[in-house]
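Input: a single structure, listed below in structure tokens.
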2 protein chains.
Amino acid sequence: MSPIVDFDSAIADRIRAERSARGWSIAELAGKASVSKAMISRIERGEASPTATLLVKIATAFGLTMASFFSRIEEKQQRLSRLTNQPVWTDPETGYRRRQILAQSGFPLEITEVELPPCQEVALPGSSYTFVRQAIWVTSGTLRLFEGGDWHDLAEGDCFAFGPPSDVIFANGSDQPCRYTVFLGRM
Amino acid sequence: MSPIVDFDSAIADRIRAERSARGWSIAELAGKASVSKAMISRIERGEASPTATLLVKIATAFGLTMASFFSRIEEKQQRLSRLTNQPVWTDPETGYRRRQILAQSGFPLEITEVELPPCQEVALPGSSYTFVRQAIWVTSGTLRLFEGGDWHDLAEGDCFAFGPPSDVIFANGSDQPCRYTVFLGRM
DNA sequence: GACATAAATCTACTATAGTGGATTCATTAG
DNA sequence: CTAATGAATCCACTATAGTAGATTTATGTC
């Protein structure tokens, strides 16, 4: 499932499932959430993309936080993560590309493959990985890494385990793309 | 913070914080998320409630899932949960009322106080509490509880620890409101 | 100070989210 | 079968989300 295109249908399925599990009709959910019946119907058929305001009302009527509502959506992923289904995101301006190899809510490990184009760099704020432990493994090319206040030069095959959260920069100063894999372990 | 009214401003603050931490301008985020600059600006000022489709684009540009994006919003709560700030939700058709005493993302315990009006009942599907352990404590009135295939009568002061997930019904057959506290422990 | 440029906000528009009530469809009882 | 009722969808409308480009504001350099 593409992470962006089909989210409205994933929301539709989840809302219908939560409502069904409680034995509520569309009218009952509409009343509890203070939302129109027509809108619940349209959302459940994937015909509209609900605003954040509306989603909070619905999640609250189900007794869920937004985080738990969305984790229920996202955790429906298969244990098997196929290449063709792995979400890929490309930064339009730099060509930086990210493939999500493994990311399942509740599972304590995430794996992401990154391709950093020649003469590009990307910064990662320390606050991005509070509560996680991170390691990277260079799978092709060379990578300069700023972490813990120092620059490190990594060659193909090298692996680096990060220390405490701090601001990080990944830089590719060569004229070839660099590819590395990020492992995030959650506490 | 009311759980519904002010969510757009919480989203605004979080997007601005994530963008700032990455050193991106509004134009850069707009480019990476394939969203108009004007819309990013409006969202960050809390002047619009973004649709789910738009939020997914933004979260993906930040490298976050929707669940992690919202958990970052919701975990900003104080360690001290004051009565006046505890979210209260009332079912418009039954008068069933729920007060969230303690619910912090990442904290392994949730506490909810429920008031069940006379001659009302509420059902809770087993799927609602998969992965959690639950107990209830009757703080006033009497409660009939269907769980694990059997009915149980609980009086004031009684406490019941639930077994494996199964469908549950809380029923108040008396002519007085019943009040009970729900403890959810997360694994 | 002047000037250039980056960043954020405004403007006028189109697209669609959201509503209340009407209509259609499905189910149940007699 | 008919009639009643519950549930879901349709309809016509208003409100607002979302856009591209223009304008204003903020910042940096000389």
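Keep in mind that the numbers below use all heavy atoms, side chains included, and drop hydrogens, waters and symmetry copies. Protein chains get the first letters and strands the later ones, always in sequence-line order, with residue 1 at the start of each.
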Handout entry: Distance (rounded to the nearest 0.5 Å) between Met66(B) CE and Thr60(B) OG1
Key = 8.5 Å

Problem - Separation of dA17(C) P from Ile11(A) CD1 (nearest whole Å) - result: 12 Å

Practice task
For Ile43(A) and dT16(C), give me the distance from atom CD1 to atom P, rounded to whole Å.
Solution key: 16 Å

Exercise for the section: Can you sort out the partners of Asp153(A) under salt bridge (Lys or Arg N to Asp or Glu O under 4.0 Å), two or more places apart, ordered by chain and number? Expected result: Arg144(A)

Exercise for the section: Could you run through nucleotides 8-15 of chain C and give me one letter per nucleotide, 5' to 3': B if any protein heavy atom sits under 4.0 Å from the base, S if only the sugar-phosphate is that close, - if neither? Expected result: SBBBB---

Handout entry: Basic-acidic side-chain contact under 4.0 Å: Arg19(B), Glu44(B)
Key = yes

Exercise for the section: Tell me, please, which residues at least two apart from Phe69(A) pass ring pair (Phe, Tyr, Trp, His ring centres under 6.0 Å). Expected result: none

Exercise for the section: Would you mind reading off the bend of the helix from dG1(C)-dC30(D) to dG30(C)-dC1(D) from its two end axes, five pairs each, to 10 degrees? Expected result: 30°

Practice task
Compare the minimum distances between each of dG20(C), dA17(C), dG18(D) and the side chain of Met39(A), then state the nucleotide with the smallest one.
Solution key: dA17(C)

Practice task
Evaluate the ring planes of Trp24(B) and Phe62(B), with Trp represented by its six-membered ring, and classify them as parallel (under 30°), tilted (30 to 60°) or perpendicular (over 60°).
Solution key: parallel

Exercise for the section: Please determine if a side-chain N or O atom of Thr51(B) lies less than 4.0 Å away from the OP1 or OP2 oxygen of dT16(C). Expected result: no

Problem - Name of the residue among Trp137(B), Phe170(B), Phe160(B) meeting ring-ring contact (aromatic ring centres under 6.0 Å, His included) with Tyr180(B) - result: Phe170(B)

Practice task
Starting from C1' on dA17(D), measure out to CD1 on Ile40(B) and report it in whole angstrom.
Solution key: 13 Å

Fill in the blank from the handout: To the nearest angstrom, the CD-P distance between Glu28(B) and dT5(C) comes to 18 Å

Problem - Nucleotide of dA17(C), dT19(C), dG18(D) approaching Ser36(A) most closely (side-chain heavy atoms) - result: dT19(C)

Handout entry: salt bridge (Lys or Arg N to Asp or Glu O under 4.0 Å) against Glu113(A), all qualifying residues, sequence neighbours excluded
Key = none

Practice task
Under the salt bridge (Lys or Arg N to Asp or Glu O under 4.0 Å) rule, collect the residues that match up with Arg179(A), sequence neighbours excluded.
Solution key: Glu115(A)

